[in-house]
Amino acid sequence: ASPVCPRVRSPLPAVVFRCLSQGFAPRDTLPVRRVFKTVRPSGPRPPQEARRACANMDSQSVPMERPRSVRGIRNVLALVGLTGVVGYAAFQSDGVERTGRYGILLALGLLAMAAGRAARWTVVLLPAYVLLQVVPLPVAALRVLSPARAEMVDALAPVGAGTGWASLSVFPAGTFQYFLLVCGYLAIFHLVREASWRAAWPLIGIAALEAALGIWQHFGGAADEMRRGTYPNRNHFAGLLEMALAFAVMYAAAVSRRGRNALAACGACALAGLLFIGIVYSFSRMGFVASLVSLFVMGALAASSRRRWVVAGLLAAVVAGAFVFLPPDALILRFAQLASDRRSRTELWSETIPLIRAYLPFGCGLGGYETAFYPFKRSGPLVTDDFAHNDYLQLLAELGLPGFLIVAAGAFWITRRALRGAVELQDPEKRYFAVACAGALAAILLHSTVDFNLYIPANAMVLMWIAGMTAGLDAGSA
């Protein structure tokens, strides 16, 4: 029989009573006396033994959760701060200016400290590995771990620049800067764990402002090199818009399904149209293709399981028609130049393969691609290639196998979580949000096969924001 406490209305279960009376309470607790202070006793007076047991419980503690209002205010303040940081990075030349990175990193560090959330050990695997690439090692150890790097160090000996210690990275200063950026990206991932439309609206707002600026530049008669918002590169401009487009489209679908707020649905459709027009008139070929693929993925996932294949077939036909009839003349001309551009990029990719083999298994250091690529470059000797125009090849060349597997495992887990939520969640609102996450991830992962969006700080921060929201999905709940 459960002992009865004189300060509560109902019997206290024996197991809980025994645990509390023996002191098995976690940290951050409040005394039982305060918890039960405002509860009035009811019913007959319990036996003397139970009253003595309750007196012993007064010295113990029970867990007390932080009020939801406090957590909600803290989450809102974190979103506001992160919106300011990501917006600043996007509007200041997509964050590639090194002078502005330190302010961004400082703001992210302050936000992470203010949030006070403990990180899991898996989150620090990648920054710890990148930091390992900067640690000086004996040259004898380098000859075993990275023979190409040891050969580079030995080549400096005849000019009096030889040393007995060197790092795995061929560009330690640049690798350390990327280490700080990776820490900032993971801070965003750790701070944004709210799977709700409220967390997605800052991304839609930032992208909508960029899209409006790009459209105004186009129809206002700006030069061709200025039709990309505040971004120096049209492809990275389109990369930002295609990630936000998924959330605008699915929010419009979610609101339309409710059938209660026509004004919100119309506004979301207008924003989605603005983002898509911005992508089209950025004249980014892969941005246009990735957006169409994202829309196809979202349509197929949003359909019911019984009609999914039929809807997928119809959507494939619609996407094919959009690819043929929607592009303006300038974008069609850019597709006509695809053969020459593809030749230059395939040459770059083929010359990156020997670099990957030479620096196996630990890579040439994050951010060291430009320095390590010179001995392997054969085409365009007067052209400096600081990026491989393929994020996967460059990450494999710079991080090596261990670091690339860490990144690939994280990307696989996030993508699987988005797809699982889009298929298994029963709540339509949450399921549409998961579909939006899957569409945004599909767009940027496809775009990264021919570009270096992940090396653009603003786009990388947006991607980690989306990854954080995806991690907040509860795919196992009803």
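Both backbone and side-chain heavy atoms feed into the values below; hydrogens, waters and symmetry mates do not.
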Visitor: Could you tell me whether a side-chain N or O of Arg228 sits under 3.5 Å from a main-chain N or O of Pro232, the two making a donor and an acceptor?
Guide: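 Indeed, once roles are kept as given, a pair shorter than 3.5 Å links the two residues.
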Visitor: Between SG of Cys437 and CG of Leu301, what distance do you get to the nearest 0.5 Å?
Guide: 11.5 Å
Visitor: Using the test side chain to side chain contact (heavy atoms under 4.5 Å, CB included), find all partners of Arg285 that sit at least two apart in sequence or belong to another chain.
Guide: Leu331, Arg334, Phe335, Gln337, Leu338, Asp341
Visitor: For the pair Trp349 (side chain) and Ala388 (backbone), establish whether a donor and an acceptor sit closer than 3.5 Å, ignoring hydrogens and angles.
Guide: yes
Visitor: Under 3.5 Å, side chain of Arg345 to main-chain N/O of Val450, donor-acceptor pair present?
Guide: yes
Visitor: Apply side-chain hydrogen bond (donor to acceptor under 3.5 Å, both in side chains) to residues Thr352 and Tyr369 and explain how you reach the verdict.
Guide: CA-CA 9 Å; Thr352 303; Tyr369 177 84; 2.8 Å; yes
Visitor: How many angstroms lie between CG in Leu203 and CG in Leu463, if you round to the nearest 0.5 Å?
Guide: 10.5 Å
Visitor: Got a second to check how far Asp391's CG is from Phe387's CZ, nearest 0.5 Å?
Guide: 9.0 Å
Visitor: Carefully, step by step, assess Gln92 and Thr230 under the rule side-chain hydrogen bond (donor to acceptor under 3.5 Å, both in side chains).
Guide: CA-CA 7 Å; Gln92 292 292 326; Thr230 60; over 6 Å; no
Visitor: Does a side-chain heavy-atom distance below 4.5 Å link Trp465 with Pro202?
Guide: yes
Visitor: If you take all heavy atoms of Leu79 and Ala199, which pair is closest and at what distance?
Guide: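 Reported closest heavy-atom pair: CD1-CA, 4.1 Å.
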Visitor: Can you tell me how the ring of Tyr251 sits relative to the ring of Trp197, calling it parallel under 30°, perpendicular over 60° and tilted otherwise?
Guide: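 Ring orientation, 0 to 90° scale: perpendicular.
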Visitor: Tell me, do Trp165 and Val153 make a side-chain contact under 4.5 Å, heavy atoms counted?
Guide: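 Not touching, per the 4.5 Å side-chain cut-off.
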Visitor: Please check if the side chain of Arg149 supplies one atom and the backbone of Ser169 the other of a donor-acceptor pair under 3.5 Å.
Guide: yes
Visitor: Could you give the distance from CG (Leu137) to CG (Leu168), rounded to the nearest 0.5 Å?
Guide: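 Between atom CG of Leu137 and atom CG of Leu168 there are 5.0 Å.
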Visitor: Within the distance-only criterion (no hydrogens, no angle test), does the side chain of Ser146 pair as donor or acceptor with the backbone N or O of Leu142 below 3.5 angstrom?
Guide: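 No.
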Visitor: What pairs of residues pass the salt bridge (Lys or Arg N to Asp or Glu O under 4.0 Å) test when at least one of them lies in residues 364-379, not counting sequence neighbours?
Guide: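 Matches after skipping sequence neighbours: Lys377-Asp385.
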Visitor: Mind listing the closest non-hydrogen atom pair of Tyr185 and Ala460 along with its distance?
Guide: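 The answer is CZ-CB, 3.6 Å.
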Visitor: Restricting to side chain to side chain contact (heavy atoms under 4.5 Å, CB included), what partner residues turn up for Ala312, sequence neighbours left out?
Guide: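 With sequence neighbours excluded, Ala312 shows a side chain to side chain contact (heavy atoms under 4.5 Å, CB included) to Phe296, Ala300, given in chain and number order.
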Visitor: Side chains of Asp451 and Asn453: do they bring a donor and an acceptor to under 3.5 Å?
Guide: no
Visitor: Would you say that Leu454 contacts Gln394 through its side chain, given a criterion of any heavy-atom pair below 4.5 Å between the two side chains?
Guide: no
Visitor: Could you list the donor-acceptor pairs under 3.5 angstrom formed between side-chain atoms of residues 402-416 and any protein atom two or more places apart in sequence or on another chain?
Guide:
unit_1 : atom_1 : unit_2 : atom_2 : d
Thr415 : OG1    : Ala411 : O      : 2.8

Visitor: When you compare the side chain of Tyr455 with that of Glu398, does any pair of heavy atoms fall below 4.5 Å?
Guide: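 Glu398 reaches Tyr455 side chain to side chain.
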Visitor: Do the side chains of Arg420 and Leu473 get nearer than 4.5 Å, heavy atoms only?
Guide: no
Visitor: Output all residues satisfying side chain to side chain contact (heavy atoms under 4.5 Å, CB included) with Val182, sequence neighbours left out; order by chain, then residue number.
Guide: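 In terms of side chain to side chain contact (heavy atoms under 4.5 Å, CB included), with neighbours along the sequence ignored, Val182 is linked to Leu126, Pro127, Leu186, Leu366.
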Visitor: Please tell me if the side chains of Met298 and Tyr432 come closer than 4.5 Å, counting only heavy atoms from C-beta onward.
Guide: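 Met298 vs Tyr432: side chains apart.
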Visitor: Using a 4.5 Å cut-off on heavy atoms from C-beta on, say whether the side chain of Asp427 contacts that of Phe433.
Guide: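 Counting from C-beta outward, Phe433 and Asp427 never come under 4.5 Å.
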Visitor: Hey, does the side chain of Tyr129 reach the backbone of Phe362 with a donor-acceptor pair shorter than 3.5 angstrom?
Guide: yes
Visitor: Can you name the closest pair of heavy atoms from Ala322 and Phe288 and give their distance?
Guide: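 In this case the closest contact between Ala322 and Phe288 is O-CZ, 3.8 Å.
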Visitor: Which heavy atom in Phe176 sits nearest to a heavy atom in Val134, and how many Å separate them?
Guide: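 Closest pair (atom of Phe176, atom of Val134, distance): N-CG2, 4.1 Å.
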Visitor: Does the Gln217 side chain pair with the main chain of Gly229, one donor and one acceptor, at a distance under 3.5 Å?
Guide: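 A pair under 3.5 Å: yes.
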Visitor: Is the side chain of Tyr392 donor-acceptor paired with the backbone N or O of Leu445 at a distance under 3.5 Å, no angle test?
Guide: yes
Visitor: Between Ser294 and Ala290 (side chain of the first, backbone of the second, donor and acceptor by atom type, cut-off under 3.5 Å), is there such a pair?
Guide: no
Visitor: Without placing hydrogens or testing angles, list every side-chain donor-acceptor pair under 3.5 Å for residues 240-247, not counting sequence neighbours.
Guide:
unit_1 : atom_1 : unit_2 : atom_2 : d
Glu242 : OE1    : His447 : ND1    : 3.3
Glu242 : OE2    : His447 : ND1    : 3.0

Visitor: Begin with the C-alpha distance, continue with both residues' side-chain angles, and end with the deciding distance and a verdict on ring pair (Phe, Tyr, Trp, His ring centres under 6.0 Å) for His218 and Tyr281.
Guide: CA-CA 7 Å; His218 174 77; Tyr281 283 99; 4.6 Å; yes
Visitor: Which value, rounded to the nearest 0.5 Å, describes the distance between Ser282 atom OG and Ile277 atom CD1?
Guide: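 The OG atom of Ser282 sits 12.0 Å away from the CD1 atom of Ile277.
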Visitor: Considering non-hydrogen atoms only, spot the tightest contact between Gly81 and Leu111 and give its length.
Guide: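 Residues Gly81 and Leu111, closest heavy atoms: C-CD1, 3.7 Å.
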Visitor: On a heavy-atom basis, which atom in Leu274 and which in Ala208 lie closest, and how many Å separate them?
Guide: CD2-O, 3.7 Å
Visitor: Measuring from atom CD of Glu351 to atom CD of Glu347, what distance do you get when rounded to the nearest 0.5 angstrom?
Guide: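 Spacing of CD (Glu351) from CD (Glu347) equals 6.5 Å.
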Visitor: Check whether the side chains of Tyr178 and Gln133 place a donor and an acceptor atom closer than 3.5 Å, and report yes or no.
Guide: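 Looking only at side-chain atoms, Gln133 and Tyr178 do not form any donor-acceptor pair under 3.5 Å.
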